[in-house]
Structure formats: C-alpha cells, structure tokens
Protein chains: 2
Amino acid sequence: MAYTVGKVARLAHVSVRTLHHYDELGILEPSGRSESGYRLYTDADLAQLQQVLFYKELGFSLEQIADALGDPGFDRSEALQQQRGLITSRVSQLEAMLDLIDRTVAAENGGIALSKEEMFEVFGDFDPTEYEAEVKERWGETDAYKESARRTARYTKADWQRFKDEAEEINTAIAALIDEGVAPDDARAMDAVERARLQIDQWFYPCSREMHANLGEMYIADPRFTATYEKIRPGMARWMRDAIAANATR
Amino acid sequence: MAYTVGKVARLAHVSVRTLHHYDELGILEPSGRSESGYRLYTDADLAQLQQVLFYKELGFSLEQIADALGDPGFDRSEALQQQRGLITSRVSQLEAMLDLIDRTVAAENGGIALSKEEMFEVFGDFDPTEYEAEVKERWGETDAYKESARRTARYTKADWQRFKDEAEEINTAIAALIDEGVAPDDARAMDAVERARLQIDQWFYPCSREMHANLGEMYIADPRFTATYEKIRPGMARWMRDAIAANATR
DNA sequence: GATAAACCCTGACGTTACGTCAGGGTCAAG
DNA sequence: CTTGACCCTGACGTAACGTCAGGGTTTATC
C-alpha cells in the first residue's frame, strides 16, 4: 500500500532522480514519509504519477502539468478524455509521417516528386489559422483562401504579434469562462466566441456566424483542431463548438 | 534553389536558432555562404534536415544523429525504412496508451480494476529481455518464464550490470559486422548470434537453436522488438533474424 | 547478531537542446 | 535613402533531469 521511491521508479519506468525532481517541483509530493525520512507513495500518488506521465508524453512542460494538476477544478476523467483526444491526434501525425516516408520512397523510385512544403508539413505543431481558410473553401466560400492570402501578404511582423496577442487573450478569456463553469449557451460564452469570430473576420476573411458554426463543427471533427483547443483546457473544443452554435442561432 | 536560414526555418517549422545549433554541432552545415556570410541551404541540405527531424522525432539525441548521418555508409532509403519501422512501433505504443485510458475509464465506472503494472507498462521503452520468456511460453516451452524468474531472483545489482555490459558488447559486435557488410549467413555472423543465444541460455532459460530461431522471427514480426534492434542499426532486426535462422540450420 | 548489499536522503554540479538577448552588419521595397 | 525585415556571432539563461559525493537505513544472509 505504501511504495518507496525505488519501487515506484521500477514500476513506472522512471528514475529515482525524476521522482525527487517531481517532489521538488511539487508536481508529485509523496503522501507520507517514514520515520527515517523515506518518501512513501500511496496508490493515489501512483494515479497522479500516471497523469504526469501522460501529460509529459504529450509534450506538456512540468510547469503546465503543475498548473493542470494543481487546479482545484482538476477532474481525472475529464483529463483522461482530453489526453485520449491528444494522443489520437498524435497518432494521426505519426501516420502522416509514415505516409510521407512512403511518398518519399516512391519519389526516389521514379514517382512524383514532393514539394518542399510537403517534405516538412508533418513536423511542428498544427497551426489552425493556416488551415481554416482552406477548410472554408470545402464548404463553398471559394474565395476565402485567396482573400486571406491577399490580406495577410501585407501584414508586418508587428501585425502578426498583435494578432497572436489578441488571439491568446480571447482564448484565455474563454478558458476562464470554462474554469468558472459557465455553460456554452450562456450569454457570456456567446459573447466570447463572437469575439473570436470577429477576429477571423477582421484579420483573414469574411466569416458569417453560419460559417463560424461550420468551423466550430470542425473543431470537434478534425483531431488536429480538437488537439489545438483541448491542449488549452480539457473539454474546450466541444465547449467552443456548442457556444459557437448557440451564438449562430441567437 | 538556395535558401537562407529564415526561409528554411519557416519551411521546416523549426527556429533559426535551431539551425544555427545544428550548424555548430556539424549535424547540418549549409552547403554554402553568401558574400556577406549568410548561410545558404541547398535542396540536398533540406533532405538532410528532414532526416534530422525524423530521427529527433524518434527520440535520438543530436549526438546519435550526428553519428548516423556522418557515417560514410549512411544510406537514405535504408534510414527511411528504419524510421518507418520505428514510427510504426511508436504508433503501437500510443495505441496501447489509448487502450489503457479506455480501461482506466471503464474501471472507474465499475469495471475491472487495473494492476499497478498495467497502469505504467505503456510508458518507458520496451525491454526485450522482460518479454522474451513470456513469448517463449506461447511456443510451448511452458517453463521458460518460471525458470527465468527463478534464476533472475538471485541476481545481484552487479550481476545485472555485467549482463548489460555483455549484451551491449554482443550487440556492438553485431553492429560492427553489419557496418562491414558481412552477410547474415557468413560464419562470423552466425558466431555472433550464437553468442547472443548462449547469453540467453546462460542468464535466463535453456534456449535451443530452434527456439532461438523462433525468437528471431519475432524480432521482425513484433514492432517493439523490431524497434529495439532497428534503433541500433538500420536493418539490424532482419539481419539478426536471418543470421539466427542460418545458425539454427548449420 | 553482525555484516554486507541494496536502498534512501540531501546537496550540488553537469548536460542536452535549444531560447533569448545584445551589438552590429545586410537587403529590398517604397 | 531610409526603414523594416533579415542575417551574423557571441554569450548567458533554462528545462528536465543525470550523475556523483557524503552519509544514514533496511534487509538478506551467514
């Protein structure tokens, strides 16, 4: 029922030093100590260690992990769902790499050559803004991509920085609403996603509320978009979809 | 045809600093410089960068990458096949995580609880020695696991260190043969894998040449085993399978 | 019941793979 | 011809541990 560092280390395939480190950072403090000062981990501690390892596997920093686990509103099942989605999107990314390798080999054997962009698009994180216009075209607004390209061509470095700051602020605000437990059909929720819509409208291409609703659907249908929002808060992708849908019909 | 750092960075979703770093380490030195000293990357450099990124994605250190790419016997297609196998095994691991999450959620909803080992077995690298005895049982030698457990129970820390050193030496010798281009049915190859067989026989459980051949088949059938050997040298898993098979029938 | 091997503790410095300035030269569009 | 984006070389900072050192504790075994 109570495990010493060494036992936990062997069980979880981590080093003793790693457990010491997590203890220092407050990410995983053992529930008890023996008389002689030995760290003693309980079953609950093991469950938390598993959470730490899942998050680490998904590329979260230890600081982010500390924040997530330290949050009083932390919910294990919710986190597991979030992690499930993120792992799924990671699998898609790796499968894209397999596909890239196959196409590269085919090209070497006289197949069609790959563009420079194709050679690297599987690396690095997925950028939603790059992709939204493209998706929009599939739904009919055939000029979205061109319009977006036309506008963004003139953007300066400072413009992009402003856009990023603005986007982050909007996302932070939404995350705060989620933390407060505000429902997606609450007026504050709809206002928040309306800000997101206006931002797209202003910076990239005309985006009606109906079109925004389409994008919202994609947030939960495409694992890459889902991952983008789930990484901010568990359940955020679905919450946004619902809030955007509510905003479109109010 | 010639790209500056910034262009390469945007294309490959890496930072300029990263490219500087790779240049310092000699992992990716641009083929040219402009008059004013700007780094100029060619298409071939981009292909090499892609290789670096693949290896990095698979958890190789920059030092290992430098060794692999710097090796005069480096072969792009061979490396791509190796990477394909390693990515496949990574996907299996992530799928095991998805399965673990599902079982954890099921357990929370009144399903069967998970053992401590199950909670963590998906993390950390795959240890072949832990698994071989278990697999051996599937082929009939029903006491392999028990025998192995009986023997290893008495092993001291120093014993394990000796075993690891020995195993590494054997693998290094095999890798050297591969580097030399020695064929799997060469006598030297058979001798090398015979040493591997004797090591298993000595440390864990009786392992006949026929049984060893079965293990060899598994090295290419199970992606986790394949990954273990492919990580040492591209093509090593298949080479060992062939050498072991040759050794079993000589 | 002693004695060694294995295990635990707390510092504290080392390492990898970059991030992040600082200070200064270069290029291209208006 | 200037201004914003871009490039250079140091050089120090950082995250997540690895790796001793020095010293106490537990446990298996003789």
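Throughout, a chain's letter reflects where its sequence line sits, starting with A, and its residues are numbered from 1. Remember, it's a predicted structure, so these values are computed and weren't measured experimentally.
- Look at CZ on B/Arg10: it is 9 Å from C1' on D/dC6, rounded to the nearest Å.
- Within the structure, ring pair (Phe, Tyr, Trp, His ring centres under 6.0 Å) pairs that include any residue of residues 75-104 of chain B do not occur (at least two apart or interchain).
- A donor-acceptor pair shorter than 3.5 Å can be found between the side chains of B/Thr18 and B/Ser15.
- The nearest whole Å value for the distance from the NZ atom in A/Lys7 to the C1' atom in C/dC7 is 10 Å.
- Residue A/Thr18 places at least one side-chain N or O closer than 4.0 Å to OP1 or OP2 of D/dG18.
- Looking at residues two or more places apart in sequence or on another chain, you find no ring pair (Phe, Tyr, Trp, His ring centres under 6.0 Å) involving A/Tyr3.
- Whole-Å rounding puts the B/Arg154 CZ to C/dA5 P distance at 16 Å.
- More than 12 heavy atoms of other residues, nucleotides or ligands lie within 6.0 Å of CD in A/Glu108, so this atom counts as buried by the packing criterion.
- Between the CD atom of A/Glu63 and the C1' atom of C/dG19 there is a distance of 15 Å, given to the nearest Å.
- Under the side-chain contact (heavy atoms from CB on, under 4.5 Å) criterion, A/Arg154 pairs with no residue at all, not counting sequence neighbours.
- The side chain of B/Thr4 contributes an N or O atom lying less than 4.0 Å from OP1 or OP2 of D/dC7.
- Across the protein-nucleic acid pair, A/Tyr55 atom OH and D/dA16 atom P stand 16 Å apart, rounded to whole Å.
- Of the two residues near DNA chain C, A/Arg17 and B/Phe60, the one whose nearest nucleotide lies more 5' is A/Arg17.
- Rounded to an integer number of Å, the gap from NE2 of B/His21 to C1' of D/dG10 is 15 Å.
- When the salt bridge (charged side-chain N to carboxylate O under 4.0 Å, His left out) test is applied to B/Glu118, the partners found at least two apart in sequence or on another chain are B/Arg103.
- What separates CG of B/Leu19 from P of D/dC7 is a distance of 10 Å, to the nearest Å.
- For the pair A/Arg33 and C/dT10, the criterion of a side-chain N or O lying under 4.0 Å from OP1 or OP2 is met.
- For D/dC17, the OP1/OP2 oxygens have a side-chain nitrogen or oxygen of A/Tyr22 closer than 4.0 Å.
- Under 4.0 angstrom from either OP1 or OP2 of D/dC7 there lies no side-chain N or O belonging to B/Ser34.
- Distance CG (A/Asp23) to P (D/dC17): 14 Å, rounded to an integer number of Å.
- Which of D/dA16, C/dA17, C/dG19 sits closest to the side chain of A/Leu62 comes down to D/dA16.
- Identified under the ring pair (Phe, Tyr, Trp, His ring centres under 6.0 Å) test for residues 38-96 of chain A, with sequence neighbours left out: A/Phe54-B/Phe123, A/Tyr55-A/Phe60.
- The stretch residues 35-43 of chain A touches DNA chain C through A/Gly37, A/Tyr38, A/Arg39, each having a heavy atom under 4.0 angstrom from the strand.
- Dashed line: the shortest gap from a side-chain N or O of A/His20 to OP1 or OP2 of D/dC17 is not under 4.0 Å.
- Distances shorter than 4.0 Å separate some side-chain N or O of A/Lys56 from OP1 or OP2 on D/dC17.
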